Undergrad: 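Got a structure for you, questions after.
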Number of protein chains: 2
Amino acid sequence: MSDLLERLRGRGWRMTSQRRVVAEVLDGDHVHLTADEVHARAVERLPEISRATVYNALGELVSLGEVIEVSTDGRAKRYDPNAHHPHQHLVCSSCGTVRDVHPTGNPLADLPATERFGFTVAAVEVTYRGLCPSCA
Amino acid sequence: MSDLLERLRGRGWRMTSQRRVVAEVLDGDHVHLTADEVHARAVERLPEISRATVYNALGELVSLGEVIEVSTDGRAKRYDPNAHHPHQHLVCSSCGTVRDVHPTGNPLADLPATERFGFTVAAVEVTYRGLCPSCA
DNA sequence: TTCTTGACTTGGACTCTGTCCATCGTAGGA
DNA sequence: TCCTACGATGGACAGAGTCCAAGTCAAGAA
């Protein structure tokens, strides 16, 4: 739970009420919120918090590797606090719901050297798309 | 080459000079352009073409299944004319270059039923990220 | 505890990407 | 050649995100 807060403090992240609230919002429910949704929830606890501050805090959490940025559609990025367990995403094409999934296999190994064109491949993202039970 | 133009005409796509230019831009170099880049190239051939028209044409080409929309970053979508050969993408994290790649294996088969949460999974996108030779 | 200061927050302006709409123009069939 | 429904135009608008100058404050020093 507030492991996250402890880790951040331990890493010298200057703790302000705004940053605390953003971290708590992400640490709470295990969902994939957009920046605006994070802002909306943060405002419930700290009415004066500004959009810019939420964007700043999210950007820093991403840089620190505590949160993953997910662009499932061309719209707003979503923020995934489950950064310490490798996983992929399953997205509903209709309502946009995102679920973490754990496929078997290692997609990195599936890309032969001849298909790497000299790139240094560092990561792979897999996005499964379909319809969730409610939308099907 | 202008297979694309033929196919579109054959499918009853009303051919205007604007639509022709957009199709030709995509059909030419085999790169992954943003809508603005498509517009810039279209303007070279047809100076009066408007942004809205380019967006309309791209949207229709996507609906027709002739072009694939790719969101590799949270920024502008890119349009991939290589729609008739299944492939995945390799993206340079520094300069944004996108290359088509053909991994082995079938990632759809790697998602066990227990990890599908009742979703009807229809498609899977794999994005490899790293640094291209010029940026490394 | 109080002071100090550099880092953080604010809100408004701005950019970028994309969509919408009323009006005008034209491809292609009769 | 003429008609007309479909397409193009461009300007306004919207959503997501960034930037900046000015004000505020966390946390270390004294």
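Keep in mind that what you see is a predicted model, and the values were worked out from it rather than measured. We name chains A, B, ... by the order of the sequence lines, and we start the count at 1 in each one.
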Undergrad: Without decimals, in angstroms, what is the distance between Arg78(A) CZ and dG17(D) P?
TA: 10 Å
Undergrad: Starting at the 5' end of DNA chain D and moving along, which residue's nearest nucleotide shows up first, Asn56(A) or Lys77(A)?
TA: Lys77(A)
Undergrad: Please tell me which of the listed nucleotides, dA27(D), dA27(C), dG18(C), lies nearest to the side chain of Arg14(B)?
TA: dA27(C)
Undergrad: To the side chain of Arg19(B), which of dA27(D), dG7(D), dA16(D) is closest?
TA: dG7(D)
Undergrad: Are Glu37(B) and Arg78(B) ion-paired here, with the side-chain N under 4.0 Å from a carboxylate O?
TA: yes
Undergrad: Rounding to a whole Å, what distance do you find between Asp36(A):CG and dG17(D):P?
TA: 8 Å
Undergrad: State plainly whether the residues Arg45(A) and Glu24(A) are in salt-bridge range, i.e. N to O under 4.0 Å.
TA: yes
Undergrad: Rounded to the Å, how far apart are Glu60(B) CD and dA8(D) P?
TA: 7 Å
Undergrad: Compare side-chain N and O positions of Tyr55(A) against OP1 and OP2 of dG17(D) and report whether any pair is under 4.0 Å apart.
TA: yes
Undergrad: Is it the case that the side chains of Asp80(B) and His87(B) hold a donor-acceptor pair, with the cut-off being a distance below 3.5 Å and no angle test?
TA: yes
Undergrad: For Met15(A) and dA7(C), give me the distance from atom CE to atom C1', rounded to whole Å.
TA: 14 Å
Undergrad: Any idea which of dC6(D), dT10(C), dG6(C) is nearest the Ile49(A) side chain?
TA: dT10(C)
Undergrad: So His84(B) and Glu66(B), do their side chains get closer than 4.5 Å, heavy atoms only?
TA: yes
Undergrad: For Ala52(B) and Trp13(A), find the nucleotide of DNA chain D closest to each by heavy atoms; which residue's nucleotide sits nearer the 5' end?
TA: Ala52(B)
Undergrad: May I ask you to verify if any side-chain N or O of Thr16(A) is less than 4.0 angstrom from the OP1 or OP2 atom of dT9(C)?
TA: yes
Undergrad: Tell me whether the OP1 or OP2 atom of dT10(C) has a side-chain N or O from Gln18(A) closer than 4.0 Å.
TA: yes
Undergrad: Are His85(B) and His102(B) close enough that their ring centers fall under 6.0 Å?
TA: no
Undergrad: Heavy atoms only, 4.0 Å cut-off, all strands: where does Arg51(B) land among base, sugar-phosphate and nothing?
TA: base
Undergrad: Calculate the interatomic distance between Leu58(B) atom CG and dA8(D) atom P; express it in whole Å.
TA: 12 Å
Undergrad: Figure out the CG/P separation between Leu5(B) and dA27(C), and round it to whole Å.
TA: 15 Å
Undergrad: Starting at atom CZ of Arg20(B), determine the distance to atom P of dA8(D), rounded to an integer number of angstrom.
TA: 11 Å
Undergrad: Hey, is the side chain of Thr53(A) poking within less than 4.0 Å of OP1 or OP2 on dT9(C), counting only N and O atoms?
TA: no
Undergrad: How do Arg75(B) and Arg9(B) order along DNA chain C: which one's closest nucleotide is nearer the 5' end?
TA: Arg75(B)
Undergrad: Starting at CZ of Arg11(B) and ending at P of dG28(C), how long is that distance when rounded to a whole Å?
TA: 17 Å
